[in-house]
Amino acid sequence: MKTFCKYFASKMLRLSIIVAVVSVLSFVLVSFAPLDPITAYLGYDRLQISQEQEAQIISRWGLDKSPPERFLSWAGNILRGDFGKSVIFNEPVVDVIGKRFVASFWLMFFAWLFSGLLGFILGAVAGTFRNSLADRVIRFYAYTLASTPTFWVAMILLVFFAVKLGWFPVCCAGPLGVAPEDVSFADRLYHLALPVLTLSLVGIAQITLHTREKMIDFFQSNHATYALACGETRSSTAIFHGLRNILLPAITLQFASLGELFSGSVLAEVVFSYPGLGKATVDAGIRGDVPLLLGVVIFSTIFVVVGNLIADLLYTLVDPRVRTEEAI
Amino acid sequence: MTNTIVQQPKQVSLLQRKKAVLICLCCVFFFVALYIAGAMMGDTGLRTDFLHRNLPPSLDYPFGTDWLGRDLLTRTVKGLCISIQIGMLAAMCSAVLAGLLGVAAATFGGKVDTVITGMIDVVMSTPHLVMLILISFAMGGGVQGVVVAVALTHWTRLARILRAEVMQLKNADYLQLSTRLGKSKLWIARNHILPHLLPQFVIGLILLFPHAILHSAGLSFLGFGLTPHNPSIGILLSESMQQLSTGHWWLAVIPGVCLICMVKVFDILGNTLRYLSDPQTSQQ
């Protein structure tokens, strides 16, 4: 247990270092942006304000200070949990991210679950019946999807299921004209269906190919040979002996691929105009909302690093072999 | 009898090698043809023609026309060419970065290695797309925004591969022997290390193209990156987004399928070259 605590502490240290480096880097990047914050904030109204008002804004925002000073005050605020105020939503960044993330969370959660299950099953089938027709079809599907842009899959699903067939809504997270608080649970799921389907279809490529490799490895092991020699069929060997061997790597891989899931959700949310964090990121980038953009970068980094951390911890907690290695 | 047994596997491998070389040639031919087609095609197809708006694919217009009457075939081919150019530029920048950092990490070791592997960790633990948006935002969008963003986010995997390769070479017996024989470091680098790294580098570069092209298309689609003055495939697709609800499916489907085909050809080319250059598989 002591070694585990030590291990956990070192991981947490690594996490905080990565987040710190990312925030410094993104602050430096943003300060290079050829964007005048005041013009971005006011737009054409800038022509109407006087010199004094402009000077007031500059000193209020600390734009007259040097970049290192600005960074220190920004970092100090962030450590206190104050990410500043989003310009386009006119709300504190923390509130915007919190609200938007709840919407994105359900999208990513379902996509994560379905792509994991589907990818695992397909990969296991492909690995069990190697070089069969099913294997070839699954492999072709996975390799093709790996080179397919997520936003294009989203568009095709939108054209087919929402526009042509009219089975699913074209956009948003609820019916038009209904306040977000009043949208019923069923309606929510109904509007989630297509974005989730997009991300699930695209997300299975990696997990399928990985599971397939692991299954092939399993069938080359001694205990698989023994089970086959005892007269078990390939499928029963795979189900009763193989699955528990390949389940853990699949779960950890699924946790470690949260970054791609997040990227995918950005694209899917833009196509379906789903009011999640991804859509907010793109809006922030296009309309020059620097506080929100920086907030999202830091938040998404934490999201991904925590995913990796869970993946590592799962390995050490569940797999006794790794734990002893760590202890040594 | 023994002769046939000895020869049989060899014949198979020769056939496979020939097949692999043929696949590579076909892929290269595909790109050359695409590029020449893009250069040869005049601008007639790009002119607006309101008599022939929104036509579905037909014999006259194999890919159909868009809402301004422009020929989608011309636009797609030209868009693919632009996407290839930007993808190549970005992938090359990224590969050079990966080469420098990967080799530096392995050769200098110690603190340099720690810093560079730390950088790899940092880049790998941010969602690619968010980082791409941030960087192209910081660069003010445009072509340079896309190229820099893709270059700065895609170097990690190749850098890791090259670092591992140099690490392994450093401890190889024949390199130690070469040093004892009094060869200079430069001579060893040129005659022993470079021939090992170059194929890895080239293949890594080719396998970077698909990612670079897809991500630059994604960035353009989201509205960062290129503008409609540079109609790459990403721009074509993002323009067709506005036409989706009108049921003009070909505007989205056809350029997308072409993009996937192109990316897949790059993938096949890279993987076949890897198969050919890897001594373990090429002698199978």
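What you are looking at is a predicted structure, and each value in this text was computed from that prediction instead of being measured.
Considering only heavy atoms from C-beta on, A:V290 comes within 4.5 Å of B:F137 through its side chain. Using a 4.5 Å cut-off on side-chain heavy atoms (C-beta onward), B:L259 and A:S147 make no contact. In this structure the side chain of B:S240 reaches within 4.5 angstrom of the side chain of A:M155, judged on heavy atoms.
Of the listed residues (B:I213, B:V263, B:I135), the one with the most heavy-atom contacts under 4.5 Å to chain A is B:V263. When each of A:V30, A:T150, A:L158, A:V297 is checked for heavy-atom pairs under 4.5 Å with chain B, A:V297 comes out on top. Most heavy-atom pairs under 4.5 Å with chain B, from the set A:G259, A:S26, A:S300, A:G307: that is A:S300.
Screening B:L129, B:V130, B:I133 against A:V282 for a side-chain contact (heavy atoms from CB on, under 4.5 Å) leaves a single residue, B:I133.
Within residues 114-125 of chain B, the residues having any heavy atom closer than 4.5 Å to a heavy atom of chain A are B:D121, B:V122, B:S125, listed by residue number.
No part of A:F160 comes within reach of chain B, as not one of its non-hydrogen atoms sits under 4.5 angstrom from that chain. Both the backbone and the side chain of B:L237 have a heavy atom closer than 4.5 Å to some heavy atom of chain A. Looking at B:V148, there are no atoms closer than 4.5 Å to chain A (heavy atoms on both sides), in backbone or side chain. Heavy atoms of A:L293 lying under 4.5 Å from chain B belong exclusively to its side chain. Of the atoms belonging to A:A256, not a single heavy atom falls under 4.5 Å from chain B. For a residue to count as touching a neighbouring chain, one of its non-hydrogen atoms must lie under 4.5 Å from one of that chain's; by this rule B:L132 does not touch chain A. Only the backbone of B:M139 has a heavy atom closer than 4.5 Å to any heavy atom of chain A. For a residue to count as touching a neighbouring chain, one of its non-hydrogen atoms must lie under 4.5 Å from one of that chain's; by this rule A:V19 does not touch chain B.
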